[in-house]
Amino acid sequence: MKTHIKFPLFKLLLAFACGIFTSSPVLKAQDAASAAAPPAPAPSVEELQTYAKFMESQDAAHFTVDNLWILIASFLVFIMHLGFSTLESGLCQKKNTVNILFKNAFIIAMGVLTYFFVGFNTHYPGAVKSDENPDGWNGYFHLGGPVTNSFDDEQNVAEDGKPTHKTEAFSNLTNEYASYTYWTDFLFQAMFAATAATIVSGAVAERVKLSAFLIHSTILVAIGYTVAGSWHWGTGWLSSLKSGAFYDFAGSTVVHAFGGFAALAFVLVLGPRKGKYGKDGSIKPIVAHNFPLAAIGVFLLFLGWFGFNGGSVLSADPAGVSLVCVTTALAACGGAIASIITSWVSLKKPDLSMALNGFLAGLVGITAGADAIAPMQSIIVGAIAGVIVVFSIIAIDRAKIDDPVGAVSVHGVCGVWGTLAVAIFGGANMQSQITGIVAVCAFAFVFSYALAVILKSVMGIRASEEEEHRGLDITEHGQEAYAG
């Protein structure tokens with residue numbers, strides 16, 4: 001049975017529920033920099049009347065569709081965490097499946113909560129300090145507090161007497177094109193936040209001590225990822241370079257390369273799995289236990305990437321979203337075909353793990369310029385990423401850096417390539433792109449390395465040789481993934 005609500009009351013409830021709006025129909029990803037505004041006073045009668053007028057206009061339909069699309073995109077990005085879980089566990093040994101799934105379950109829960117308490121307002125500190133804004137942040141570091149109004153006990157009361165928590169004042173509301181509410185913005189960005197730790201999870205799989213990993217990932221996501229992201233998406237110093245603003249549409253560098261280089265640092269401190277490399281310099285393959293599970297993970301990630309990139313348009317603009325989704329798909333497929341051919345020629349056999357990583361390489365590669373690179377060129381970007389990932393995985397293995405899932409190559413190396421590709425194919429300034437890449441990747445590496453070294457000295461970061469031999473499922477969790 002449908003519940004009918006009187007329209008005036010419905011408009012009033014909507015007025016109280018809506019938050020920060022943006023005003024551009026096609027927005028560059030993550031550029032809503034006003035997330036850290038202080039709690040606002042209750043909307044005045046005039047503001048409510050303005051909002052009611054807005055909701056009666058055609059723009060109200062635009063706002064509703066935009067907001068809904070970004071919520072759907074948030075859900076798609078959430079699905080990516082299931083994809084990471086199945087991909088990582090499938091490419092590792094079955095005796096560590098529970099451990100990998102547990103880490104991924106923790107990461108998404110921890111990621112959303114820490115983003116709520118500290119991450120969001122660290123990621124988006126507001127306007128940079130200037131003559132007009134002397135109280136702004138310095139463009140390099142600002143540690144934020146909980147999401148605005150999250151601890152505000154004051155409530156507005158609707159006509160029916162039920163309390164409705166306020167979000168922000170409507171001082172920025174106009175009858176121009178609006179995109180989404182404050183809470184939708186938080187949810188979409190929160191789904192991104194845990195990705196960096198998930199990338200690290202695969203690289204250190206099968207030998208990292210669980211407690212040390214949980215502490216490392218919590219600090220990395222809450223502070224490391226959000227500080228680096230604020231330099232670009234939070235109106236920080238990378239957004240105002242003299243050579244031109246650093247351009248990274250949905251995060252080839254500030255999400256993926258950050259995670260890849262953080263993973264590399266942790267792996268170097270942690271060391272390889274026992275038996276992976278012989279004393280004579282030989283490389284001993286440790287076979288994946290479930291390729292169907294790994295393939296499911298990659299296709300879930302492919303699906304989620306339509307939300308990752310498509311949602312980063314920050315509106316449901318038909319031209320913007322459709323272009324981004326097409327370039328995303330073409331780059332992924334270009335990456336897969338290129339990696340299949342490259343691995344077949346170089347390894348003499350068609351390698352499924354390389355094909356799967358080729359999809360991801362293409363997706364990571366196009367993420368920085370999905371809105372700025374033409375469809376035909378996006379195939380080239382993805383294909384080059386697919387070639388790069390094969391040789392990078394081989395080179396990293398020969399260097400005796402043990403990365404069970406190829407996370408450093410897929411996210412770190414291909415993330416760098418994708419960001420450079422925006423300068424080659426999308427018109428961004430090459431100097432600015434290099435500056436952003438070096439700054440973010442160096443920060444991620446140093447932050448993660450220092451954190452791993454501290455944890456190693458305080459509590460240890462590696463499972464014992466016996467625990468590693470028996471498998472972390474039994475030694476850490478007392479559970480097995482498969483019966484019998």
Side-chain angles (χ1 to χ4, degrees), residues 22 24-32 62-84 177 179-180 184-185 187-189 191-192 195 233 247-256 297-338 356 358-386 410-411 414-415 417-419 421-422 425-428:
T22 56
S24 174
V26 184
L27 296 174
K28 304 307 178 187
Q30 333 294 7
D31 282 337
H62 291 162
F63 169 80
T64 302
V65 172
D66 285 350
N67 193 70
L68 179 60
W69 163 239
I70 298 169
L71 281 174
I72 292 171
S74 304
F75 308 153
L76 288 171
V77 178
F78 171 79
I79 287 293
M80 293 176 71
H81 291 278
L82 174 58
F84 278 120
Y177 201 99
S179 285
Y180 49 85
T184 295
D185 187 24
L187 187 64
F188 182 63
Q189 308 301 343
M191 292 300 106
F192 274 65
T195 304
W233 288 334
Y247 196 94
D248 189 358
F249 174 68
S252 285
T253 286
V254 294
V255 178
H256 294 284
V298 168
F299 290 119
L300 284 170
L301 286 166
F302 195 160
L303 171 64
W305 232 287
F306 289 118
F308 197 95
N309 286 357
S312 293
V313 176
L314 298 184
S315 77
D317 173 66
V321 173
S322 58
L323 172 65
V324 166
C325 288
V326 166
T327 57
T328 297
L330 291 174
C333 295
I337 294 299
L356 295 176
F359 278 112
L360 300 180
L363 289 164
V364 171
I366 198 60
T367 294
D371 67 328
I373 295 175
M376 185 65 73
Q377 295 169 329
S378 70
I379 300 174
I380 299 172
V381 172
I384 293 174
V410 169
H411 300 277
C414 291
W417 155 244
T419 310
V422 189
F425 298 102

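As the structure is a computational prediction, the values presented were derived from the model and not from experiment.
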Distance, nearest 0.5 Å, that separates CD1 of I380 from CG of L330: 11.5 Å

Closest contact, heavy atoms only, S252 versus A368: OG-N, 2.7 Å

Scanning both residues in full, the closest heavy-atom pair of N309 with A370 reads ND2-CB, 4.0 Å

Run the side-chain hydrogen bond (donor to acceptor under 3.5 Å, both in side chains) test against S378 and tell me which residues pass, sequence neighbours left out. none

Taking the side chain as C-beta and beyond, is there a heavy-atom pair between V65 and S315 under 4.5 Å? no

With a cut-off of 3.5 Å and sequence neighbours excluded, list every side-chain donor-acceptor pair involving residues 298-307.
unit_1 : atom_1 : unit_2 : atom_2 : d
W305   : NE1    : T367   : OG1    : 2.9

Partner residues of A421 under the side chain to side chain contact (heavy atoms under 4.5 Å, CB included) criterion, sequence neighbours left out: V381, W417, F425

CG on L363 to OG1 on T327, rounded to 0.5 Å: 10.5 Å

Residues Y180, D185; criterion side-chain contact (heavy atoms from CB on, under 4.5 Å); working and verdict: CA-CA 7 Å; Y180 49 85; D185 187 24; 3.4 Å; yes

In Å, rounded to the nearest 0.5 Å, how long is the span from CG of L71 to OG1 of T184? 4.0 Å

Give me the atom names and distance for the closest heavy-atom approach of A383 to A338. O-CB, 3.2 Å

Give the intermediate values and the outcome of side-chain contact (heavy atoms from CB on, under 4.5 Å) for residues V313 and D371. CA-CA 8 Å; V313 176; D371 67 328; 5.7 Å; no

If you look at every heavy atom in A73 and G311, which pair is closest and at what distance? CB-CA, 3.6 Å

Flag, side chain of D248 to backbone of T253, donor-acceptor distance under 3.5 Å: yes

Is the ring pair F308/H256 parallel, tilted or perpendicular, if the boundaries are 30 and 60 degrees? tilted

Can V254 and F192 be said to form a side-chain contact (heavy atoms from CB on, under 4.5 Å), step by step? CA-CA 11 Å; V254 294; F192 274 65; over 6 Å; no

Approximate separation, where rounding is to 0.5 Å, of I384 CD1 and C414 SG: 11.0 Å

Steps toward side-chain contact (heavy atoms from CB on, under 4.5 Å) verdict (L356, L360): CA-CA 7 Å; L356 295 176; L360 300 180; over 6 Å; no

dist W69:CH2 -> D317:CG (nearest 0.5 Å) comes out at 12.0 Å

Do F249 and V422 come within less than 4.5 Å of each other through their side chains, counting heavy atoms only? no

